[in-house]
Amino acid sequence: VQLQASGGGLVQAGGSLRLSCAASGRTFSTYSMGWFRQAPGKDREFVAAISRRGGNTFYADSVKGRFTISRDNAKNTVSLQMNSLKTDDTAAYYCAAAPTAGWGTVRQLRTEYDSWGQGTLVTVSS
């Protein structure tokens, strides 16, 4: 599956952004989806994940309660709604897809994902 992320930009602390990721192909619903981020000089880290049908989600502690991941299998898209943004959220954000057999499985490990989007930059100013 090929992924194309969009929606990044510059926002003030406390503001909101919505990231979107469009997937190509007819097998989108066979993938668990996730969002990761990478700040300058740091490793890529897990942000959020969603199961194949969207029934299960999982979040990093740092974004829990502020970010919401969702998906629309009819449109082959996955989104990340980011509220109450902090300067620490500044990073390039990547969507990723993990082939998954179970409908309810969410994946947290970077190594479980085999397809990645190109990244979209989010900058949060103070």
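Numbers here are sequence positions counted from 1.
- The CZ atom of Arg37 sits 7.5 Å away from the CG atom of Asp88 when rounded to the nearest 0.5 Å.
- A salt bridge between Arg66 and Asp89 is present, with a side-chain N of the basic residue lying under 4.0 Å from a carboxylate O of the acidic one.
- A disulfide (SG to SG under 2.5 Å) check over residues 40-79, counting only residues at least two apart or in different chains, returns nothing.
- In this structure, the separation between OH on Tyr94 and OG on Ser115 is 15.5 Å, given to the nearest 0.5 Å.
- In this structure, the side chains of Tyr59 and Thr68 come closer than 4.5 Å at one or more pairs of heavy atoms.
- From Thr57, atom OG1 reaches atom NZ of Lys64 across 9.5 Å, with rounding to the nearest 0.5 Å.
- Across all their heavy atoms, Val124 and Thr90 have their closest contact at N-OG1, 2.9 Å.
- Val106 is not listed as a side-chain neighbour of Ser32, based on a closest heavy-atom distance of 4.5 Å or more.
- Closest of all the heavy-atom pairs between Ala98 and Glu112 is CB-O, 3.2 Å.
- Considering every non-hydrogen atom in both Leu3 and Ala97, the closest pair reads CD1-N, 3.8 Å.
- Although no hydrogens or angles enter the test, the distance criterion places no donor-acceptor pair under 3.5 Å between the side chain of Asn73 and the main chain of Phe28.
- For residues 12-111, the pairs satisfying disulfide (SG to SG under 2.5 Å) are Cys21-Cys95, with sequence neighbours left out.
- The minimum heavy-atom distance linking Gln108 with Phe46 is given by the pair O-CD1, 3.5 Å.
- Each ring-ring contact (aromatic ring centres under 6.0 Å, His included) pair with one or both residues in residues 100-122, not counting sequence neighbours, appears once here: Phe36-Tyr113, Phe36-Trp116.
- With rounding to the nearest 0.5 angstrom, the CG atom of Leu10 is 6.0 Å from the OG1 atom of Thr123.
- In terms of modelled atom types and a separation under 3.5 Å, the side chain of Asn56 and the main chain of Ser51 share no donor-acceptor contact.
- Residue Gln38 qualifies as enclosed at atom CD: its count of foreign heavy atoms under 6.0 Å is above 12.
- The two residues Gln81 and Ser16 come nearest to each other via the heavy atoms NE2-CB, 4.0 Å.
- Interatomic distance, Gln12 CD to Ser126 OG, rounded to the nearest 0.5 Å: 9.0 Å.
- Closest of all the heavy-atom pairs between Ser20 and Trp35 is O-CH2, 3.8 Å.
- At least one side-chain heavy atom of Arg52 sits less than 4.5 Å from a side-chain heavy atom of Thr30.
- Hydrophobic clustering (side-chain heavy atoms under 4.5 Å, transitive across Ile, Leu, Val, Met, Phe, Trp, Tyr) keeps Leu19 apart from Phe58.
- Results of the side chain to side chain contact (heavy atoms under 4.5 Å, CB included) test with Tyr31 over Thr100, Val78, Asp114 single out Asp114 as the only residue that passes.
- Rounding to the nearest 0.5 Å places CD of Gln4 at 9.0 Å from OG1 of Thr120.
- The 12-atom threshold is not exceeded at NZ of Lys42, counting heavy atoms of other residues, nucleotides or ligands nearer than 6.0 Å.
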